[in-house]
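Let me begin by presenting the structure, written as structure tokens, before commenting on it.
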Amino acid sequence: ITEYLAKATMGSADATCMWPDNNKGALVTWEAGTVEVSGSGGMAEYLDENDYAIGYLDAGHGHSLGLEEIALKNQERYLKSKDADIAATLAAALLSTPPVLPTDPTTSFANVNLYDLPGTDTWPITMMSYFYIRQDLTDLGASGTLLKAFVEFVLSPEGQAMVPEFLFAPLPADVLTQNAKALATLQLAPAAPAWTFEGSSTLAMDGADQFALSSKRQSYAEYERAQMNKHIAALESTVSKASGVKNYELHGSGTTNPSKFFWKVMDIMEEQAKVPLFMTYRAVGSSTGQKEFTGTAANSYEPLNHFGAGDIPMTKARYDQINPDASAPSKMLHIPFLVGPIAVFHSVPSDELPAAGIELDACLLSKILRRVITTWDNSAIKALNPDLKVPAGKPIKVAHRTLGSSSTAGITEYLAKATKDSPDATCVWAADNAGSSAIWNSETVGVFGSGGMADYLDATDYAIGYLDAGHGHTLGLEEIALKNNVRYLKSKDADIPATIAVGLSSDIIPNDAGSSFAQVNFYNLPGENSWPITMMSYFYVRKDLTSIGSAGPLLKAFIEYVISEDGQNMVPEFTFAKLPQAMLDYNKVALASLVLDSSESTWTMEGSTTLAMTGAGDLVLSSKRQSYAEYDRDVLRKQLAALEALVKTLQVNVDEHDGNSGSDSSGVAAAVVALIISIIALILTGILWYKSLSSGHGSTGACLACAACRKPEAILASQYHVRLDNEVGGKNGNEGSNNI
């Protein structure tokens, strides 16, 4: 973007147009007031969440996410990248005088660019990707000829035919010819085997050579994927032709924290329904969920989804936009569905920590996050943690969430409340800098999402940050003990339901679910076991649902399932706390006030007690209906639980042999533990694979590919891997991983 602008604006009669030639390239100095985002994903999410924003990323990525593109002007006309001819852009480069691409591939390409080339259909910001290869590959031996074969495959008709699948453009014939000439100049080791290719035409005898890459050879996985793709295409064709079947849809967006809980409930409802259900929840953050639920003046403040969700109450400004007439009945309801703590985590090395870990009160935490205190050996921190053995002057690296975040709201609003009456003015967190978006010191580090916070703490020693406690504990992060009104404690030691109970007894929750909840918070409440940063998650629901037809009764059924005994019993699985009974009773009253389309039937539920005849109705969610995938997952979960219990038993056996250098028992036990871990990893993979099939991702493998899905077994395996390396390595004097 910057090299294109420098080239395209050079010599402009308007000096304010010109992009400085000394400020272009991969690293650029940007003007104050611009927003820095991390990666193409960060750019895409920022554009998705912020109205009136502008940014840049590779065109294929942007189009795949449905972002709106700006038409740019090449030398002749305005056009968008989808309308451009990328091959023509390359052709223009080859036909230019002198040619943009050197004819000798060994010369420097430092000045090669495809920016702002002539032509009606050329794209002004076209990039070319390169292999960097040493011309003399003799010292690589067989790897040299394999490298050549790899590049040849990428440049072959088969390889180039795959390029559009990844949202890029194949190379024109002239460039491929030039590449073939370049490959012919490679110097290979004389004794290295030359690779050949067997395509659609059978090469009898030669195709059997061990150095022949043959399309006749194929893995069963590749064959099965091809069959699945054909089957999916046939099913999609059938679906497109289907008629006369009513589909029931429900769509929501908002907080990321309970998203997996929502997805599981939606999965279960889709499995238990007789009629087709299509339910989605878009995890985009509490602030975005509020924006999309509120709508804009352009659409008369109507929601963009059937419901929203957030870990913070609707802001007063947005509540008032939905309810412009304060004297009229409210148009929206807050329906709480779970509670959870926000915790503070750190990455001080474990051998430098006090036995009980690090303790901080609100004043010290405020000073650290605002950079009043900048080192871990600060006298105030040491006074509270005398056994903290950090190196002198070791800096504290503060991380904070970017964009709107409910966890940022939790930490900043708690600090504003807990420090407002402090006699030490340097403790006080300004009330006007508390909320989902805060202004942070320039020495702090912004990270995107809970995942970004966790990754930063995992990768950076001596850092501090905040995220929902369950997420942090699942990833094995080290928590800081905070001070409630009575004592220091960690979130795992707190009684979250008791914290909510204190809030309910203090009339924190309005009597009417249609009232504004903007002032509702559960920060720094009294009680020996209360957690000072407790958040409640809410459904945002319009009271009158007649306009959404069949989605209204389905939304009510979804919320009823979430707050039911079955739904609430699932909440701890996702590291949150269930609602107290008083809050569940409150919600039932709120749900009874919903106004539904009278022409639409309501949903009922068939639980453990069979409802003969009634259970066969169209709008019945029946626990008697189940997919085989869910049954098989349940079997796998039980096997996993048994194996985890066995691992704990074996680990005790290993621990009992610590220091016994004359015995092989611990080595044997460690090997058995490693074997069990392998089995657990396979079972987890099976669970995730079945989950991907039942959630509709089976055809792409998305669930298996994403890091979030692999995280649990990765953590489990890595924890035992380190432990067993120490055990076996310490006893046999070899590398533990080799022994295992």
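One-based numbering along the sequence shown.
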When every non-hydrogen atom of G55 is compared with those of L47, the smallest separation belongs to N-CD2, 3.7 Å
For the side chain of T402 and the backbone of V447, is there at least one donor-acceptor N/O pair under 3.5 Å apart?
-> yes
For the residue pair F211 and W195, categorise the inter-ring angle as parallel (less than 30°), tilted (30 to 60°) or perpendicular (more than 60°).
-> perpendicular
Pair F262 and Y281, ring centroids less than 6.0 Å apart = yes
Ring pair (Phe, Tyr, Trp, His ring centres under 6.0 Å) against H63, all qualifying residues, sequence neighbours excluded | none
With sequence neighbours excluded, tell me which residues meet side chain to side chain donor-acceptor pair (under 3.5 Å) with Y456.
-> none
SB check E443 R370 (cutoff 4.0 Å) = no
Enumerate the residue pairs fulfilling ring-ring contact (aromatic ring centres under 6.0 Å, His included) with a member in residues 126-149, sequence neighbours excluded, ordered by first and then second residue.
-> F109-Y130, F131-F150
OG/S407 to CZ/R401 distance, rounded to the nearest 0.5 angstrom?
-> 4.0 Å
Any side-chain heavy atom of K24 sitting closer than 4.5 Å to one from I1?
-> no
Just by modelled atom types, is the S81 backbone N or O under 3.5 Å from a matching donor or acceptor in the E69 side chain?
-> yes
Are Q187 and T138 linked by a side-chain donor-acceptor pair shorter than 3.5 Å?
-> no
Using a strict cut-off of less than 4.0 Å between a Lys/Arg side-chain nitrogen and an Asp/Glu carboxylate oxygen, indicate whether K7 and D21 qualify as a salt bridge.
-> no
Is the centre of the H400 ring less than 6.0 Å from the centre of the Y466 ring?
-> no
